[in-house]
Amino acid sequence: MSKKWMERVTPESMGIPSRSILAYLQELERSGCCMHGFCILRHGQVIAEGHYKPFTAQQRHRMYSSSKSMTAIAVGLLQDEGKISLEDSICDYFKDRQPEQVHPWIRETTIRDMLRMATCFVTSPYQMVDNPQHDWIRTAYECPPTHRPGHVFSYDTGVATVLAALVEELSGMELMEYLRQRLAPLNLSPESICVKVPDGKSSWGGSGVLCTQRDFAKLALFSLNLGQWEGKQLISREFMEAATSKQIENGKHGYGYQFWMGPHGFSMLGMGGQMAFCIPEADMILVTTADMQADNDKRICVEDRFYELVLAQAADSALPEDREAVERLERYVSGLEVKPIQGAVHSPIETQVSGKRYEMAPNEEGAWSSLRLGEVSLEFQGDQGVFQWDNNRLEFGLGHFVFQDFPGFASAEEAEGVPPVVYWYESERPVLHMPCMTSAAWKNDSVLEILCYAIGDFLGTLKIRCVFEDNGITVQMQKFAEKFWEELQGFQSGFCRN
């Protein structure tokens, strides 16, 4: 076997039938999983890899909470340099961002506690403290704690954000640049970056890494091999053994240092389907990128079907080559694409409603899940259309996608060179470019559904349902995204003006 990792080989050469991978991908399609890409590795080699159009191998992709595992690796590298100890109190650092009186339980909190999600907070401090400066590091020292640290697992994105800031403070480099330099043999792409927290001072290590799918796969392979890369130990093996093994009980399979334990090993898990499942006994990895925020059960399907259809077929040695099966798999992978919403392209009422303007009845202040639209209209022309609300215009394809920038956000030119900042505080909206792809379909003669995917540095799904009745319309909007499209969620009815 070649000593160089990440080379492309046939599945059979690594003991996996091509037909089992094909069956797995077909099952994901049948299940309606909104996949962006996948990569399967065994014995350090890539046995199958693909991207769902319009996503490409070169495109950097938001990793969401899989960023936490990458931040943990950076912390391990800091420890190797002697710049920290995992037993240090977090109060040994960022003294200029601490109040005069810090609660004793916060002073007890160690870096190891933070890695294990065993802090003294019930959730992320930046969500619980009035923070006019938007300083998410300061909140970790100011937030009133709920319990002593070190004993109870409580998922907290804020800890990885503080740890990323610590890495940047002590290394003098941004998080991804530090990983790129310290893990140089992995050859991580120069385009990989991390979204900044709202004050712009540090990287959002809990959710903000943007890297290619190959970068993600390399970091998963590096972790599976406990910090070794092609014979070179790049980080303490002891640290990686601890990071990727159970360090605290979480009511499931356990949690390591920003890695999840699972039924067959450990994983990096990011919102929407940015996942790397590392299976030590089979020396195998599944990496996925996706946007399944609208249906978390799909994420579970991606994992479970892999174990059933691929892992269960793994042999201990190479299988006879099956050129026909390999070619069938390659043809299928070459045709992968994100699917538009399914339904009819036309409706008998299409011409009746096209161009009509509907004045929306104001929802009462405080009405639960209510929209605040002033006027809406729809126009249809052939297999395309436009949904307009107030001064916003969203184009869609019927049976296919239309690509555009989502209205109300910055253009690509305006965002050029501006570091992406987490979109959190509506009152101080950052410069964000929001490219999207949108399709629509008639679910019956009077119901049109529009499906919009954000496909840039921030991923998300927006569903719009327009129900026509007599001379009126009811609009329902559902957003499945982080902290944008907040105003596009709820219900509202209106009547035709013309």
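Please read all numbers here as calculations on a predicted model, not as lab measurements.
Formation of a donor-acceptor pair under 3.5 Å by the Gln247 side chain with backbone atoms of Ala242 is found in this model. Ser67 places no side-chain N or O within 3.5 Å of a backbone atom of Met63 that could act as its donor or acceptor partner. Panel note: side chain Asn363, backbone Phe491; a donor-acceptor pair is recorded below 3.5 Å.
Side-chain contact between Ser223 and Leu226 is absent, with no heavy-atom pair separated by less than 4.5 Å. In this structure, the side chains of Val195 and Leu210 come closer than 4.5 Å at one or more pairs of heavy atoms. Ile40 has its side chain out of reach of Glu49: every pair of non-hydrogen atoms, C-beta onward, lies at least 4.5 Å apart.
Qualifying salt bridge (charged side-chain N to carboxylate O under 4.0 Å, His left out) partners for Asp199, counting only residues two or more places apart in sequence or in other chains: Arg97. Residues passing the ring pair (Phe, Tyr, Trp, His ring centres under 6.0 Å) test with Tyr141, sequence neighbours excluded: none. His103 is linked by a ring pair (Phe, Tyr, Trp, His ring centres under 6.0 Å) to Trp105, counting only residues two or more places apart in sequence or in another chain. By the side chain to side chain contact (heavy atoms under 4.5 Å, CB included) test, Val152 pairs with His147, sequence neighbours left out. The side-chain hydrogen bond (donor to acceptor under 3.5 Å, both in side chains) check on Asp215 picks up Ser189, Thr212, with sequence neighbours excluded. For Asp92, the salt bridge (charged side-chain N to carboxylate O under 4.0 Å, His left out) criterion is met by no residue, not counting sequence neighbours. Applying the ring pair (Phe, Tyr, Trp, His ring centres under 6.0 Å) rule to Tyr52 yields no partners; only residues at least two apart in sequence or on another chain are considered. Scored by the side-chain hydrogen bond (donor to acceptor under 3.5 Å, both in side chains) test, Arg116 finds Asp113 as partners (sequence neighbours excluded). In terms of the salt bridge (charged side-chain N to carboxylate O under 4.0 Å, His left out) criterion, residue partners of Arg148 (sequence neighbours excluded) are, by chain and number, Glu108.
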Problem set entry | Intermediate values then yes/no, side-chain hydrogen bond (donor to acceptor under 3.5 Å, both in side chains), Thr157 and Lys68 | CA-CA 8 Å; Thr157 292; Lys68 294 177 173 67; 3.1 Å; yes
Exercise. Does the ring-ring contact (aromatic ring centres under 6.0 Å, His included) test come out yes or no for Trp485 and Phe406, once each step is laid out?
Worked result: CA-CA 10 Å; Trp485 293 338; Phe406 197 87; 5.0 Å; yes
Exercise. Does the pair Thr474 and Ser493 meet the rule for a side-chain hydrogen bond (donor to acceptor under 3.5 Å, both in side chains), with working shown?
Worked result: CA-CA 4 Å; Thr474 294; Ser493 293; 2.8 Å; yes
Exercise. Would Thr461 and Gln293 count as a side-chain hydrogen bond (donor to acceptor under 3.5 Å, both in side chains) if you check the C-alpha gap in whole Å, the side-chain angles of each, and the deciding distance to 0.1 Å?
Worked result: CA-CA 7 Å; Thr461 300; Gln293 296 176 70; 5.7 Å; no
Exercise. Can you list the steps and then say if Ser370 with Arg372 is a side-chain hydrogen bond (donor to acceptor under 3.5 Å, both in side chains)?
Worked result: CA-CA 7 Å; Ser370 59; Arg372 296 287 185 267; 2.6 Å; yes
For this session: Take Glu375 and Arg357, measure what side-chain contact (heavy atoms from CB on, under 4.5 Å) needs, and give me the verdict at the end.
Result: CA-CA 7 Å; Glu375 180 182 278; Arg357 292 182 296 169; 3.4 Å; yes
Exercise. After noting the C-alpha distance and the side-chain angles of Phe306 and Phe277, does the key distance pass the ring-ring contact (aromatic ring centres under 6.0 Å, His included) rule?
Worked result: CA-CA 10 Å; Phe306 181 78; Phe277 299 100; 7.8 Å; no
For this session: Give the C-alpha distance, both sets of side-chain angles, the deciding distance and a yes or no for side-chain contact (heavy atoms from CB on, under 4.5 Å) between Leu311 and Ile279.
Result: CA-CA 9 Å; Leu311 179 62; Ile279 307 168; 4.1 Å; yes
Exercise. Could you go step by step and tell me if Val447 and Val467 meet the side-chain contact (heavy atoms from CB on, under 4.5 Å) rule?
Worked result: CA-CA 5 Å; Val447 177; Val467 181; 4.1 Å; yes
For this session: Mind running side-chain contact (heavy atoms from CB on, under 4.5 Å) on Cys301 and Glu303 for me, showing each step along the way?
Result: CA-CA 5 Å; Cys301 169; Glu303 179 181 6; over 6 Å; no
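Taking both residues in full, the closest heavy atoms of Ser439 and Ile341 are given as OG-N, 3.0 Å, listed atom of the first, atom of the second, then distance. For Ser411 against Asp405, the heavy-atom pair with the smallest separation is CA-OD2, 4.2 Å. Scanning both residues, Pro198 and His134, for their nearest heavy atoms gives CB-CB, 3.7 Å. Annotation for Ile137 and Ala165: closest pair CD1-CB, 3.6 Å, computed over non-hydrogen atoms. Contact between Met360 and Leu373 at its shortest, heavy atoms only, is CB-O, 3.4 Å. Smallest separation of non-hydrogen atoms from Gly408 and Asn392: N-OD1, 4.4 Å.
Under the side-chain hydrogen bond (donor to acceptor under 3.5 Å, both in side chains) criterion, the residue pairs touching residues 160-172 are Thr161-Trp204, Glu168-Ser203, with sequence neighbours excluded. Within the structure, the salt bridge (charged side-chain N to carboxylate O under 4.0 Å, His left out) test picks out the following pairs touching residues 247-270 (sequence neighbours left out): Lys246-Glu249.
A salt bridge links Glu486 and Lys479; the closest N-O separation between the charged side-chain nitrogens and carboxylate oxygens is under 4.0 Å. A salt bridge links Glu395 with Arg393: the closest approach of a Lys/Arg side-chain nitrogen to an acidic carboxylate oxygen falls below 4.0 angstrom. Comment: Arg60 does not engage Glu191 in a salt bridge, judged by the lack of any side-chain N to carboxylate O separation of less than 4.0 angstrom. Using a 4.0 Å cut-off between charged nitrogen and carboxylate oxygen, Arg112 and Glu87 count as a salt-bridge pair.
Within 6.0 Å of CD on Glu174 lie no more than 12 heavy atoms contributed by other residues, nucleotides or ligands. Atom NZ of Lys95 is surrounded by more than 12 heavy atoms from other residues, nucleotides or ligands within 6.0 Å. Within 6.0 Å of atom CG in Asp96, more than 12 heavy atoms from other residues, nucleotides or ligands are found, so the atom counts as buried in its surroundings. With a 6.0 Å radius and a threshold of 12 heavy atoms from other residues, nucleotides or ligands, Gln181 has its CD atom above the threshold. Atom CD of Glu81 has more than 12 neighbouring heavy atoms from other residues, nucleotides or ligands inside a 6.0 Å radius.
If you look at His51 and His36, their ring centroids are not closer than 6.0 Å. With ring centers used as reference points, Phe401 lies 6.0 Å or more from Phe396.
For the residue pair Thr123 and Asp156, no side-chain donor N or O sits within less than 3.5 Å of a side-chain acceptor on the partner. A donor atom on one side chain and an acceptor atom on the other are not found under 3.5 Å apart for Ser245 and Tyr257.
The aromatic rings of Phe409 and Phe484 sit perpendicular, their planes meeting at an angle over 60°, well past the 30° parallel limit.
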Distance-only donor-acceptor hits, side chain of residues 258-271, under 3.5 Å, sequence neighbours excluded:
{"residue": "Gln258", "atom": "NE2", "partner": "Met114", "partner atom": "O", "Å": "3.2"}
{"residue": "Gln258", "atom": "NE2", "partner": "Leu115", "partner atom": "O", "Å": "2.9"}

